[in-house]
Amino acid sequence: MTDSTVIATNLVKAYKLFLTTPDSSIVISKRSLAQALEQELPYLEGYSYFVLSKAYWAKANYRLSTEYGFKALKAYENTTHVFHWGESYLSLARTFVDLKNYDQARAYLKRAHLLTIKGDQPHLLADVYREESMLQTETGAYDSALISADKGIHLYEAFKDSLNLSILLSRKSKVFFLLKRYNESAFYNRAAVVLDKLVDNRRGLGICYLQAAQNAFHTHQADSALFFLDKSIPLNRALDNFGTLIKVHELKATIFTFKKEPLLAVEQYKLVSQYKDSLYNTEKAGQIQEMQSLYELELKNKTIAALGEENAQQESLVHNQRLLTFVMGAGIVLLAALIIVLFRLRNIQSRANSELQEKNRAIALQKEEIQAQAEFLQHLNDLKSKLFSVISHDLRGPIASLQALLELLTSKKLTPDEFVLFSDKLKTNLGVTQRTLENLLSWSMSQMEGIKTDLKDVDVKTTVEDSRRLLDEQASRKNITIDNQITDSIHVRVDQDQFQLILRNLMHNAIKFSKANQKVVVRAVKDERFCHLKVIDAGIGMNQDEINLITGSEYFTKVGTQQEKGTGLGLLLCKEFVKRNGGQLSIHSEEGEGTEVTISIPLM
């Protein structure tokens, strides 16, 4: 097989995975994109962008879905690849529907529909009907949605396309539910479930179970509704389908309220609050800044084009001036006139050349300014996205829990004894929130260059022991022992506050990913220049892909052995502060075998 064939085969595999395991689809597509760029294969480059757009849409990351969708459109627009050109329009249209930008979605659907006229494109036409039915459902045009869905179903049945057929059956189920025709809704939903199971469409299956629960609840079958909701949750959680998760937990909260179980209802509303925060960040983070950047960049490009036209006009003017000078000088007598004409021509040419050089320098400076502004805006966009993600992820959840409990207490739906029962867990969550806030403040200061590294002589043994005592309470909850095996004094040259933050985060992670009754070991060795401090646990470990994410430039977070959540900010701070102090951080880990994190700090 040729290299291009291998890349194409991998991209087909990635496309088949985007609804079931979008993370795997993203990894394969990014690897294929790098190969296509290296080998200068524009068609496969465009298809890589298209699959990435679909996979990030499945994860409800609409910013990246839109970004890659536009790149795919740029690759296929005005080419002979009409099908992929139209599919790029449809990918963008579906993303804008989910973002509730219906006018933009309608515009892209219209363009895709026009492409079906350019040639025999029946599958593209079926896909247009599929996305039109979604837009019409969201805008309340239910009769039109049913008509579009039936047109698409007719085509997909001819293609034997079970995946898209299940999507439109589910769409009809939703429309009939909105029309309060619950029996018809249940009928189409059952048919969609059968096909989703057949093609392993986990995203569609999670949505179908929610629809089944809604039908059951509205037909007074509360227990059946809870059964379907419990089947929907793990499917949507695995795909980070926050929009559907919000609807699932809102319905569960409604059912528990109906069943007069207020504490269970409160737990569901807490989850709704958390998922709304995640969905807000996914939908909104960076959107305005990014679009503004693209708009300003387009204006700059137009300015460059205008300058180019001005240069062309200037060159034309110089030519006309030369011709005019020659005609006027033709009447001047003999040598004196000829000398004057030549002298004037030479001066005009020199001035024109100088002006052209100045214009060219201005264009070059303008291009550099555009590039610098684009990079700066992208940096600000990424920084804002990270800050929004961190703030909403762990800070608002515990506060929402406390607010919910206090409201129950003040409304006398929760007794003081029950409040005390829940307060211990709340205290733990607030402790985690405090640690997250400390990390967030440190990280924010470091990103805004508001933190200084003051290198001093620090004793490793004493600093490790101080950090260990701060984590004793957390370790005792899982019956984990932190064994400080450093017996000799080792002096290093570091910023003491940053060094303590590094140690706390590394030992906290070791506790988080260790199982109950295990041990976390801290030991140190030194060579001629460095002290190599190791934090070792026997917990769940990591695979190589996870290690690559941590050591790279992306965020990475993972749930602990007792479902402890995190933001990934702690490890990010560790890497940055170790680098600020002239050291290095390395990780050795195997799944199920534990993790060894080593930081190398310069000796005094």
Side-chain angles (χ1 to χ4, degrees), residues 19 53-54 57-58 60 62 65-66 69 73 82-83 85-159 161-193 195-196 201 203-204 206-208 210-212 214-215 218 241 243-244 247 283:
L19 280 176
S53 174
K54 301 292 285 186
W57 168 81
Y62 300 126
S65 177
T66 304
L73 180 59
V82 176
F83 178 78
W85 180 2
E87 288 296 319
S88 299
Y89 279 139
L90 293 180
S91 178
L92 288 167
R94 180 54 190 270
T95 301
F96 282 115
V97 169
D98 287 348
L99 291 172
K100 302 189 185 307
N101 189 341
Y102 302 129
D103 290 338
Q104 192 67 53
R106 192 174 287 107
Y108 284 122
L109 280 171
K110 184 177 180 180
R111 295 178 190 177
H113 208 164
L114 289 173
L115 288 178
T116 63
I117 305 173
K118 295 177 73 71
D120 186 17
Q121 298 290 336
H123 212 300
L124 178 60
L125 181 60
D127 292 347
V128 169
Y129 289 141
R130 182 192 64 208
E131 300 307 330
E132 277 184 349
S133 71
M134 181 64 185
L135 175 61
Q136 290 159 349
T137 301
E138 291 301 313
T139 55
Y142 300 135
D143 291 337
S144 298
L146 290 173
I147 293 172
S148 296
D150 285 335
K151 290 180 179 179
I153 288 172
H154 176 73
L155 291 171
Y156 287 136
E157 285 177 339
F159 303 147
D161 188 341
S162 299
L163 174 60
N164 284 302
L165 187 59
S166 72
I167 291 172
L168 286 182
L169 289 173
S170 177
R171 188 76 38 73
K172 290 191 70 173
S173 174
K174 181 177 181 179
V175 173
F176 282 123
F177 172 78
L178 294 171
L179 293 171
K180 298 182 180 180
R181 294 159 64 176
Y182 303 124
N183 290 333
E184 291 170 271
S185 176
F187 171 80
Y188 285 105
N189 191 61
R190 285 193 296 271
V193 167
L195 289 178
D196 284 336
N201 181 5
R203 188 178 193 277
I207 295 172
C208 282
L210 169 60
Q211 187 63 66
Q214 290 174 328
N215 286 328
H218 282 81
N241 192 350
T244 304
K247 295 176 182 177
E283 291 180 348

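When a residue number appears, it is its place in the shown sequence, counting from 1.
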Compare every heavy atom of [Y] with every heavy atom of [X], then report the nearest pair and how far apart it is.
X: L155; Y: P122; answer: CD1-O, 4.0 Å
X: Y142; Y: L178; answer: CE2-CD1, 3.5 Å
X: L169; Y: A192; answer: CB-CB, 4.0 Å
X: A149; Y: L168; answer: O-CD1, 3.6 Å
X: L115; Y: V82; answer: O-CG1, 3.8 Å
X: S173; Y: N189; answer: OG-CB, 3.2 Å

Under 3.5 Å donor-acceptor, [X] side chain and [Y] backbone:
X: T116; Y: H113; answer: yes
X: T95; Y: S91; answer: yes
X: S148; Y: S144; answer: yes
X: S133; Y: A145; answer: no
X: S185; Y: K174; answer: no

Give the C-alpha distance, both sets of side-chain angles, the deciding distance and a yes or no for side-chain contact (heavy atoms from CB on, under 4.5 Å) between R106 and T139. CA-CA 11 Å; R106 192 174 287 107; T139 55; 4.0 Å; yes
Counterpart residues, side-chain hydrogen bond (donor to acceptor under 3.5 Å, both in side chains), relative to N201 (two or more places apart): D196
Could you state the interatomic distance from [atom1] ([X]) to [atom2] ([Y]), rounded to the nearest 0.5 Å?
X: R203; Y: I167; atom1: CZ; atom2: CD1; value: 8.5 Å
X: W85; Y: L73; atom1: CH2; atom2: CG; value: 8.5 Å
X: Y108; Y: D103; atom1: OH; atom2: CG; value: 12.5 Å
X: L114; Y: L109; atom1: CG; atom2: CG; value: 11.0 Å
X: T66; Y: N101; atom1: OG1; atom2: CG; value: 9.5 Å
X: R111; Y: Y89; atom1: CZ; atom2: OH; value: 5.0 Å

Among residues at least two apart in sequence or on other chains, which ones pass salt bridge (Lys or Arg N to Asp or Glu O under 4.0 Å) with D127?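 D127: salt bridge (Lys or Arg N to Asp or Glu O under 4.0 Å) contacts with R130.
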Lys/Arg N to Asp/Glu carboxylate O, R171 vs E132, below 4.0 Å: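 Looking at R171 and E132, the cut-off is not met.
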Are [X] and [Y] close enough that some pair of their side-chain heavy atoms sits under 4.5 Å apart?
X: D98; Y: M134; result: yes
X: D161; Y: H123; result: yes
X: I153; Y: K172; result: yes
X: Y62; Y: W57; result: yes
X: E157; Y: F159; result: no

Ring pair (Phe, Tyr, Trp, His ring centres under 6.0 Å) contacts in which one or both residues fall within residues 162-191, not counting sequence neighbours: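 Qualifying pairs: F176-Y188, F177-Y182, F177-H218, Y182-H218.
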